[in-house]
Number of protein chains: 2
Amino acid sequence: MRSVLAEADPALAYTTIATVLDRLHSKGRVLREKSGGAWVYRAARTREAALAGEVARMMRRAETSPEPLLVAFLDEVEASDPTALDQLEALIRARRQTS
Amino acid sequence: MRSVLAEADPALAYTTIATVLDRLHSKGRVLREKSGGAWVYRAARTREAALAGEVARMMRRAETSPEPLLVAFLDEVEASDPTALDQLEALIRARRQTS
DNA sequence: TGATGCCTACGACAATGCGTCGTAGGATCA
DNA sequence: TGATCCTACGACGCATTGTCGTAGGCATCA
């Protein structure tokens, strides 16, 4: 908790961090467990998982095919890291092997 | 505009739609142009493009490899539409052909 | 054992965003 | 020219967010 404060902005009041974490916890965005009287917090989902979940919700809601979304995704992936496409293809293949 | 109202919820007041569109426009989320005294609105970006942009920002900001994001993405894609993986692979291949 | 310090629970307050609408007045069209 | 449609703007209630303070519990240490 002290450490969260240090990482965020040490100029903020301690209770500010406490309040924010508390609210995030009540919304299920972070998990916490007791450790000697004090709570220890950790993220409930990674940023990546949250974003991917967003993608999935969109796919499920689309009446049409998921293709436009996939295409848009590939566009961006390719643009920001050209090698990532190969990586993606490799991951797909690997996934097929094991399932 | 009348049509937006109809598609959204015809029970809402006309001015509700007007206000919402106006606010979206001032935030750049929709574009508009005059057509005989009335504004005609259209989305500035598709939902897909917006989400994909989010993906891109995340990839660019990641100090490490983009792999966790790709993995999370595949997990979700696979879970919500099992055939989409094949589709995705085909799209990657097609992309390689043309570039 | 009492003081010190860290932690939590809870409340507060201002700023902002959002959904909803009404009114006033300009533009359009039969 | 009058009825109809549209825009601009303000308003209101509610929820969220960033920020903090106070009160009180629990442990540690001189």
Side-chain angles (χ1 to χ4, degrees), chain A residues 1-64 66 68-69 72-73 76, chain B residues 1-64 68-69 72-73 76 80:
Chain A
M1 179 89 194
R2 202 99 244 171
S3 63
V4 175
L5 175 61
E7 268 186 65
D9 178 353
L12 292 176
Y14 187 93
T15 51
T16 298
I17 301 298
T19 301
V20 169
L21 286 176
D22 202 51
R23 301 215 270 230
L24 288 175
H25 176 253
S26 71
K27 284 192 298 185
R29 303 280 294 271
V30 302
L31 306 175
R32 71 181 186 184
E33 63 191 292
K34 277 277 182 189
S35 158
W39 292 115
V40 172
Y41 291 88
R42 66 180 205 279
R45 313 171 70 189
T46 63
R47 240 181 251 274
E48 289 80 14
L51 188 56
E54 203 57 35
V55 171
R57 270 203 306 126
M58 195 170 286
M59 282 185 60
R60 269 189 288 272
R61 208 178 36 220
E63 314 84 23
T64 73
L69 182 53
F73 177 76
E76 295 295 348
Chain B
M1 176 90 195
R2 203 97 244 171
S3 62
V4 176
L5 175 61
E7 268 186 64
D9 179 354
L12 291 176
Y14 187 94
T15 52
T16 297
I17 300 299
T19 300
V20 169
L21 285 177
D22 203 51
R23 301 215 271 229
L24 288 175
H25 176 252
S26 71
K27 284 192 295 184
R29 304 278 294 270
V30 301
L31 305 174
R32 70 182 187 183
E33 65 191 291
K34 277 277 182 190
S35 159
W39 293 114
V40 172
Y41 291 88
R42 67 179 205 279
R45 315 168 71 188
T46 63
R47 239 180 250 274
E48 289 79 14
L51 190 57
E54 203 58 36
V55 170
R57 272 201 305 125
M58 191 169 289
M59 282 189 62
R60 267 189 287 274
R61 209 179 35 218
E63 315 85 21
T64 73
L69 178 55
F73 175 74
E76 294 292 349
S80 62

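Within every chain, numbering begins at 1; the chains are lettered A, B, ... in the order of the sequence lines, protein sequences first and strands thereafter. Just so you know, these numbers use all the heavy atoms, side chains as well, and skip hydrogens, waters and symmetry mates.
The aromatic rings of A:H25 and A:W39 sit parallel to each other, their planes meeting at less than 30°, with 60° as the upper class boundary.
Straight-line distance from the CZ atom of A:R32 to the P atom of C:dC7: 15 Å, rounded to whole Å. As a whole-Å value, the separation of B:R29 CZ from C:dC18 P is 8 Å. Distance A:I17 CD1 to D:dG21 P: 14 Å, rounded to the nearest Å. The distance between atom CG of A:L21 and atom P of C:dC10, rounded to the nearest whole Å, is 16 Å. The NE2-C1' distance, from B:H25 to C:dC18, rounds to 19 Å in whole Å. In this structure, the CG atom of B:D22 is 14 Å from the P atom of C:dG19, given to the nearest Å.
In this structure the side chain of B:I17 never reaches within 4.5 angstrom of the side chain of B:R2, judged on heavy atoms. Annotation: side chain of A:L69 is in contact with side chain of B:E48 (closest heavy-atom distance under 4.5 Å). Counting heavy atoms from C-beta outward, A:Y14 and A:L5 have side chains that approach closer than 4.5 Å.
Using a 4.0 Å heavy-atom distance criterion, A:R23 is classed as a base contact.
Checked against D:dT17, D:dT7, C:dC18, the side chain of B:W39 finds its nearest nucleotide in D:dT7. Nearest to the side-chain atoms of A:M1 among the listed nucleotides D:dT19, C:dG22, C:dT8 stands C:dT8. When each of C:dT8, D:dT7, C:dT20 is scored by its nearest atom to the side-chain atoms of B:L12, the top-ranked nucleotide is C:dT20.
Each of A:T19 and A:A38 has a nearest nucleotide on DNA chain C; the 5'-most of these lies closest to A:A38. Nearest-nucleotide assignment on DNA chain D puts the 5′-proximal partner with B:A18, out of A:V20 and B:A18.
Between the side chain of A:T15 and the base of D:dG21, a donor-acceptor pair under 3.5 Å is found.
Between A:Y14 and the phosphate of C:dC6, there is no side-chain N or O to OP1/OP2 separation shorter than 4.0 Å. B:K27 has a side-chain polar atom (N or O) that falls below the 4.0 Å cut-off from OP1 or OP2 of C:dC18. Contact between the side-chain N/O atoms of B:R2 and the OP1/OP2 oxygens of D:dC6 is found at a separation under 4.0 Å.
The pair A:R42-A:E33 counts as a salt bridge, with a side-chain nitrogen and a carboxylate oxygen less than 4.0 angstrom apart.
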